[in-house]
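Some notes on the structure that comes next.
The shown structure was predicted, so the numbers you read here are calculated from the model rather than taken from an experiment.
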Amino acid sequence: MNRPLPSPNNRSSNLPKLSKSRLPVLTQSAGAGTGVRLANPHPIPPLIDPSPRLAPSPSTPRLRKTSVARPRTISTPAKPSSLSSARAPSSERPQTKSSSKSPARFRANEPERATPSKSPAMNMKEAIALKRAEAKKAIAVQKNFATRGDSSASGGIENTSQTISETFTAEGDDLGRPSIRQTIERARSSGSLNIASRDLPCLPSALFEIHLSVTPGKLASVPDEPPLPVIPDKSSDPTTWYEQRDLTFLRARNNQIVEIQTEISLFGSLKTIDLQNNRLTSLPDSFADLTSLVNLDLSHNALTSLPPHFFSLPSLSNLDISHNSLVTLPFRMPFDPATKVPASRRQSSDFFLAPAIVRATRPLPLLASLDASHNKIVASAIHHDALPAELKTFNLAHNPLDDIAELLISLSTLSQLVELRMSNCNIYDTSFPATLFSLADAPAFPKLVVLDLGETPVTQAVISSAFSTLTQTLDFEAPIGDTRAVVTGTLAIAVGKRIVRESWEIEADRHVQRLRERRSAANLGGSPAPAQPHDPLPIAGERCDINVERGSLSEGTICIAGAKAAERADEEAGLNVLPTASHPALERYWDIHTLTLTLPPSTGRSLRRGAGGTATEDMLPRATLPLALITTQPFADTLRALDLRGRRAEPAFFLPSCSGGSFLPRLETLNLEGCSLSDAVPGAGSADGGTVYVLTQLFPSLRNLELAYNNLTGAALTREVLEQLSFMRNGARAGLRRLGLCGNKIEELNGLRELAQVVFNEEGGDSVASMRSGWTLEELDVRENSIAVLPGELGLLPLDLFLVDANLFRVPPRRVWEREGTKGLLMWLQGRLRSQ
């Protein structure tokens, strides 16, 4: 049935809504069958074509002209299809319907259909919640069908659930993390793999296939490993061969791992492995082939033993085997001919070029920290005659232990042992006879700082008698939580029931004790120290005294006015007098938790009289480094970090009267940023060696030195000074790890070039090789200076971070270190050196 044409009166209301665009719109003719119109929203003159093909069909009714503007159309008949004509003659087909369906956008003459409104776009959380709900619903339906026994329906639901699960696992997990396969693939370029908290029963086989092209053997505990879906990651490009790195970091904690593949030994570059909180009961024998391993965490597992050659790892430094089921620590097993087991070989048919395994010749030669707490170890099962020589921290808490007399004698010979913990153990007074260390040839426990025997039946009197031969002072009330908080020369011991006390409570008790000692000394006739004579105060001080006599000044105002008057007198006389007693104003800048002293920056001298900083800041000395005042404080022996940024009012070093020695024995970090220091300042002049040289002599334990934004030049960085800073010397110097020289006036690095040429040259002898082993500098920052040439010898320096931005040199170009980092820059400098 033909569709009736709209009447002239309501024709405009039935017309489709015109688009705002001026482009023509294709429409289907109402009566031409296969004709197509071009509708233009703007009226144009009709096209006249004398060709009979364009003549309107007799069956098409003509529209009379009206004043209402409507789109003009051009009807062009389409080519007849042979297939459609063969099926039915054109005369039998109704002319109101087209032979082929046209898209909706071509039906301009049809009335508009109601389209459903689009739902608002979901955010990421809603999308994740929707996927999670769909997966749970599919799993629930699958279980329901499986319970009813409907196999056909169950198969369909199973496929649906599997598809959803695979898609969800490939894209990520509930926490938005990438999938396991994507994480493993990305580790090829970073060298670090983190697959923690993934509910894995073992290390994924894809790890060995992607990184080593090796398919590991099946595990007896995990015969059917859950497969990982192989879905290409189109968002990231594959890692190229020159971007690949050896795997050095593996974290797989908080999983369900029950067994480790023997092929783990093929990752010979692994330095850190974290397998905490799994279900491991043993390790493969090949685990001891990881000779580059430095940090290993096997805590919170079910280990009952360790591999035979485990204690011959040459580089292991930190070992955590706590919360397991170990019963012995056989340090001597790899070296005892009676119990020695033949070592396995890493070489195989697939890896015939693998490096040979180099094992240690003594038990764990570099082990510094060992945590074996919460096990089932007894003292007699510890090979105490083969303890690691470099051990600093040993934790045996929550073990049976029993008699530890022989173990203590062996531990007392360790020259580096600092912390020993045996709390919550079955230890009694019989393990501490009075003659325990009387037969020792050398002092027992020379560096021991903390001895934890808390929650044991041991009494304090027995410990005092047994440890009376030690050189340290025994303190049974000092905190044992942090070894850095213990005063130098003191052994903090915890015995019996542990009572938690705050630091301020301990300090208050000590203060009361000091007051009692002073009073008792005065009662016994001891004369106090005579007061030091001082010059009379200037006029301001005299006025202050007059006001005091009149009663117009308070007690606090008297102290502040006196301090200001003394400071003005010293400035006018050109003297720098510092008190030698403890300065009360420094207590507010001392942080006992971080062991840091942060002095406020200089506020500068005010132009108006009476204006300036606070009263406490006015009492502080104006010098950049008031070392003579800091060394008199009670926290000087435990000070770890000294922050003096922005103290530029008087760039000078005020040193103690006994200059020439070292001070602040535990200072590791010194920040002198923005202090306007030059190559020579008062207190560190040219005769003393200069600013940087004096700092090297004052603080031998310094590890981080920040001298950014000062006025230092290359003349201050001589070869001798850099040798003092960058090398570790036994018992004399720790050696710097970081040196910051950003924003100075350095024009050349000749001292650093000479040092690299002499020490790191391949032609050096044995003395140079031994000196080379003591190199400690890892980070060097020389940005924003005036360096004109970057010598090629600097490429010989073993630096981890070398920052050279914003200098005057143009060779090498910036893209060398921006693309390849410090490693690429050093390689470029080495290549330039070889080309010369």
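A salt bridge links Arg738 to Glu706: at least one charged side-chain nitrogen sits closer than 4.0 Å to a carboxylate oxygen. Using a cut-off of 4.0 Å between Lys/Arg side-chain N and Asp/Glu carboxylate O, Lys823 and Asp800 are scored as not salt-bridged.
For Ser317 (side chain) and Leu367 (main-chain N/O), no donor-acceptor pair under 3.5 Å exists by modelled atom type. Thr631 places a side-chain N or O within 3.5 Å of a backbone atom of Leu627 that can act as its donor or acceptor partner. The backbone N or O of Ile321 lies less than 3.5 Å from a partner atom in the side chain of Asn324, making a donor-acceptor pair. Panel note: side chain Ser315, backbone Thr291; a donor-acceptor pair is recorded below 3.5 Å. A donor-acceptor contact shorter than 3.5 Å is absent between the side chain of Thr469 and the backbone of Ser438. Asp482 places a side-chain N or O within donor-acceptor distance of the main-chain N or O of Arg484, the cut-off being under 3.5 Å. When atom types are taken as modelled, the side chain of Asn318 and the backbone of Asp320 share no donor-acceptor pair closer than 3.5 angstrom. Distance alone, capped at 3.5 Å, is enough to place a donor-acceptor pair between the Asn278 side chain and the Ala252 backbone. At least one donor-acceptor pair under 3.5 Å links the side chain of Ser464 to the backbone N or O of Gln460. Here the side chain of Glu477 pairs no donor or acceptor atom with the backbone of Ala494 at under 3.5 angstrom.
For the pair Thr490 and Gln472, the minimum side-chain heavy-atom distance is 4.5 Å or more. The shortest side-chain heavy-atom distance between Leu670 and Leu695 falls under the 4.5 Å cut-off. Inter-residue side-chain proximity for Ser299 and Ser322 is flagged as met; some heavy-atom pair is nearer than 4.5 Å. Side-chain atoms of Ile463 and Leu453, non-hydrogen and from C-beta on, do get closer than 4.5 Å to each other. You'll find the side chain of Leu639 stays beyond 4.5 Å of the side chain of Asp637, heavy atoms only. Looking only at side-chain heavy atoms (C-beta outward), Leu200 and Gln256 stay at 4.5 Å or farther from each other. Contact of the Leu207 side chain with the Ile184 side chain is registered, since non-hydrogen atoms from C-beta on lie closer than 4.5 Å.
Among residues two or more places apart in sequence or in another chain, the side chain to side chain contact (heavy atoms under 4.5 Å, CB included) test is passed with Ala405 by Asp403, Leu436. Applying the ring pair (Phe, Tyr, Trp, His ring centres under 6.0 Å) test to Phe467 and every residue at least two apart in sequence or in another chain returns Phe437. Contacts of Ala636 classified as side chain to side chain contact (heavy atoms under 4.5 Å, CB included), with partners at least two apart in sequence or in another chain: Leu664. Among residues two or more places apart in sequence or in another chain, the salt bridge (charged side-chain N to carboxylate O under 4.0 Å, His left out) test is passed with Glu406 by none. Thr248 pairs by the side chain to side chain donor-acceptor pair (under 3.5 Å) definition with nothing, not counting sequence neighbours. Judged as a side chain to side chain contact (heavy atoms under 4.5 Å, CB included), and not counting sequence neighbours, the contacts of Leu803 are Asp781, Arg783, Leu801. With sequence neighbours excluded, the residues that form a ring pair (Phe, Tyr, Trp, His ring centres under 6.0 Å) with His300 are His323. The ring pair (Phe, Tyr, Trp, His ring centres under 6.0 Å) test applied to Phe310 returns no partner, not counting sequence neighbours. For Phe287, there are no ring pair (Phe, Tyr, Trp, His ring centres under 6.0 Å) partners at least two apart in sequence or on another chain.
A side-chain contact (heavy atoms from CB on, under 4.5 Å) with Leu491 is found for exactly one of Val450, Leu470, Val449, Asp475, namely Leu470.
Residue pairs meeting the salt bridge (Lys or Arg N to Asp or Glu O under 4.0 Å) criterion with at least one partner in residues 370-398, sequence neighbours excluded, are Arg332-Asp385. Counting only residues at least two apart or in different chains, salt bridge (Lys or Arg N to Asp or Glu O under 4.0 Å) contacts with residues 259-279 comprise Arg251-Asp274, Arg253-Asp274. For residues 378-423, every residue pair satisfying the ring pair (Phe, Tyr, Trp, His ring centres under 6.0 Å) rule, not counting sequence neighbours, is listed here: His374-His398.
For the 3.5 Å distance criterion, the side chains of Thr594 and Asp591 qualify, holding a donor opposite an acceptor. At a cut-off of 3.5 Å, with distance as the only test, no side-chain donor of Asn375 or Asn399 sits close to an acceptor on the other residue. Thr459 and Asp429 share a side-chain donor-acceptor pair at under 3.5 Å. Using modelled atom types, one finds a donor on one side chain and an acceptor on the other under 3.5 Å when comparing Asn254 with Asn277.
Note that CG of Leu275 is 9.0 Å distant from CG of Asn255, once rounded to the nearest 0.5 Å. Taken from CG in Leu370 to CG in Leu396, the straight-line distance is 7.0 Å, to the nearest 0.5 Å. Distance check: Leu595 CG to Leu667 CG gives 11.0 Å after rounding to the nearest 0.5 Å. In this structure, the separation between CZ on Phe249 and CG on Leu193 is 9.0 Å, given to the nearest 0.5 Å. Here the CD1 atom belonging to Ile427 is positioned 7.5 Å from the CG atom belonging to Leu408, to the nearest 0.5 angstrom. To the nearest 0.5 angstrom, Leu407 atom CG is 9.5 Å from Ile409 atom CD1.
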Arg703 vs Glu668, test: salt bridge (charged side-chain N to carboxylate O under 4.0 Å, His left out). Steps then yes/no. CA-CA 5 Å; Arg703 307 305 299 270; Glu668 294 183 355; 5.9 Å; no

Between Leu247 and Leu270, is the side chain to side chain contact (heavy atoms under 4.5 Å, CB included) condition met? List the steps. CA-CA 6 Å; Leu247 191 65; Leu270 274 176; 4.0 Å; yes

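Annotation: Phe311 is not in aromatic contact with Phe335 [ring centroid separation under 6.0 Å not met].
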